[in-house]
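See below for the structure under consideration.
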Amino acid sequence: MSTDNSPHDQLTGLITRKGFEEKLKAAVLHAQQTDRPLSLAFLDIDHFKRLNDSLGHEAGDVIIKAVGDIVQRVAGDKAIVCRYGGEEYTLIFPDTEREQAFLVIESARAEIAQLKSLSDGKKKVNAQLTISGGIAAFPIDGQDENELLRKADQALYKAKINGRNKIVLAYEEKMSPKTSHYTLTQLERLSELAKEQGVGEAVLLREALDNLLVKYKHAFASKK
């Protein structure tokens, strides 16, 4: 019997987002203390809304479960697999460089792309689909869980806008300076807040933008 007390998703049996956040925090702390690598991956079913609308929600559930099963089987004991929400999955690879994580995720992507039908063990759905993914790693892409989450999510976004059905490694971002889009009062308050929190203004701006993108993420998801 499993001794994992993390909350598990009812449909897939995978660890939920809440459990994922707890495990990522612990994994990052371990990596920081031991100076060992850690990789984080986001996976997403391409055009899932279209599939769900055309085949029905029941078939959509079969697809979500089947993809989760394949990813879990391919990852084996190399990663902690979670259902992040909807048709999105996350994988935590302890003690793993991002290139090694890439090979695992790429194997799952290739297998799924070749299927003409999927099964959750009880029901079968005739459908061809693909997945996209983004991978970030400690310490090369980020020093904490927030930075790793942001980099992995951005890599996933890059995979989506560049044709889907691919796995993309995190990339170095070009930073944009503050511009006239902000009022003087906003910039003054930002400066004061940065001093209070003991962080850079750019860190706060990125955090605010990340929160905004998460808030309106459903708008992008509806276009997949």
Side-chain angles (χ1 to χ4, degrees), residues 2 4 6-9 12-46 64 67-113 130-173 203 206-207 210 213-214 217:
S2 174
D4 187 357
S6 300
H8 287 72
D9 176 58
T12 63
L14 300 175
I15 295 171
T16 63
R17 179 170 177 169
K18 179 180 179 181
F20 158 75
E21 290 171 348
E22 295 171 351
K23 287 189 174 294
L24 179 61
K25 184 175 182 179
V28 170
L29 179 61
H30 173 75
Q32 292 170 338
Q33 293 177 336
T34 60
D35 197 27
R36 295 287 298 162
L38 164 74
S39 291
L40 170 67
F42 274 178
L43 294 182
D44 189 284
I45 300 174
D46 295 327
I64 289 174
V67 170
D69 288 345
I70 293 171
V71 173
Q72 179 68 81
R73 173 174 52 76
V74 173
D77 59 2
K78 299 181 183 70
I80 301 167
V81 184
C82 314
R83 184 184 180 192
Y84 196 68
E87 72 279 13
E88 194 167 20
Y89 312 82
T90 55
L91 293 90
I92 303 170
F93 290 84
D95 301 312
T96 305
E97 302 284 358
R98 62 181 187 175
E99 289 78 12
Q100 295 172 295
F102 173 86
L103 293 176
V104 174
I105 300 300
E106 172 60 20
S107 179
R109 184 210 61 78
E111 179 176 333
I112 291 170
T130 58
I131 63 172
S132 296
I135 301 175
F138 171 92
I140 187 170
D141 298 312
Q143 298 291 321
D144 57 42
E145 55 263 38
N146 290 330
E147 190 74 0
L148 290 174
L149 284 166
R150 186 169 67 85
K151 289 291 187 67
D153 187 58
Q154 288 176 340
L156 171 60
Y157 177 74
K158 188 175 182 182
K160 289 285 188 181
I161 64 174
N162 284 286
R164 298 181 171 84
N165 190 26
K166 61 185 64 179
I167 310 301
V168 173
L169 297 178
Y171 58 99
E172 189 62 33
E173 303 167 275
V203 172
R206 288 199 298 272
E207 180 181 339
D210 286 341
L213 293 173
V214 169
K217 189 171 184 179

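- Considering CG of Leu103 and NZ of Lys78, their distance stands at 10.0 Å, rounded to 0.5 Å.
- A salt bridge links Arg83 with Asp9; the closest basic N to acidic carboxylate O contact falls under 4.0 Å.
- Residues passing the side-chain contact (heavy atoms from CB on, under 4.5 Å) test with Glu111, sequence neighbours excluded: Ile70, Arg73, Val74.
- In this structure, CZ on Arg17 lies 8.5 Å from CD on Glu88, to the nearest 0.5 angstrom.
- A donor-acceptor pair under 3.5 Å is absent between the side-chain atoms of Asp153 and the main chain of Leu149, judged by distance alone.
- Looking at Leu40 and Ile135, their side chains never come closer than 4.5 Å, going by heavy atoms from C-beta outward.
- Between Glu21 and Lys25 there is no salt bridge, since none of the side-chain N atoms of the basic residue sits less than 4.0 Å from a carboxylate O of the acidic one.
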Please lay out, stage by stage, how Leu156 and Ser132 fare under the test side chain to side chain contact (heavy atoms under 4.5 Å, CB included). CA-CA 7 Å; Leu156 171 60; Ser132 296; 4.0 Å; yes
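- Between atom CG of residue Leu38 and atom CG of residue Leu24 there is a gap of 6.5 Å, rounded to the nearest 0.5 Å.
- Residues Ala101 and Ser39 share a closest heavy-atom pair of CB-CB, 3.7 Å.
- Put simply, the side chain of Gln32 gets close to the backbone of Gln143: a donor and an acceptor are under 3.5 Å apart.
- Close placement of the Tyr84 and Phe20 rings is indicated, their centers lying within 6.0 Å of each other.
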Side chain to side chain contact (heavy atoms under 4.5 Å, CB included), that's the test. Do Gln72 and Leu14 meet it? Break it down for me. CA-CA 9 Å; Gln72 179 68 81; Leu14 300 175; 3.5 Å; yes
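- Proximity of Ile80 to Leu91: side-chain heavy atoms (C-beta onward) are nowhere separated by under 4.5 Å.
- Counting heavy atoms from C-beta on, the side chains of Arg109 and Thr130 never come closer than 4.5 Å.
- Phe93 places none of its side-chain heavy atoms less than 4.5 Å from the side chain of Gln100.
- Sorted by first then second residue, the salt bridge (Lys or Arg N to Asp or Glu O under 4.0 Å) pairs that include residues 30-39, not counting sequence neighbours, are Arg36-Asp95.
- Thr96 contributes a side-chain N or O that, together with a main-chain N or O of Pro94, makes up a donor-acceptor pair within less than 3.5 Å.
- Residues that satisfy the ring-ring contact (aromatic ring centres under 6.0 Å, His included) test with Phe138, not counting sequence neighbours, are absent from this structure.
- For the atom pair OG1 (Thr16) and NE2 (His8), the distance works out to 8.0 Å, reported to the nearest 0.5 Å.
- No side-chain heavy atom of Tyr89 sits less than 4.5 Å from a side-chain heavy atom of Val71.
- In this structure, the side chain of Thr34 engages the main chain of His30 through a donor-acceptor pair within 3.5 Å.
- When atom types are taken as modelled, the side chain of Asp46 and the backbone of Asn165 share a donor-acceptor pair closer than 3.5 angstrom.
- With salt bridges taken as basic N to acidic carboxylate O contacts below 4.0 Å, none links Asp44 and Arg164.
- A donor-acceptor contact shorter than 3.5 Å is absent between the side chain of Lys166 and the backbone of Ala159.
- Under the 3.5 Å distance criterion, the side-chain polar atoms of Arg98 are left unmatched by any main-chain donor or acceptor of Ala41.
- Within the model, atoms OG1 of Thr90 and CD1 of Ile92 stand 6.0 Å from one another, a figure rounded to the nearest 0.5 Å.
- The distance from atom CD of Glu87 to atom CG of Leu43, rounded to the nearest 0.5 Å, is 11.5 Å.
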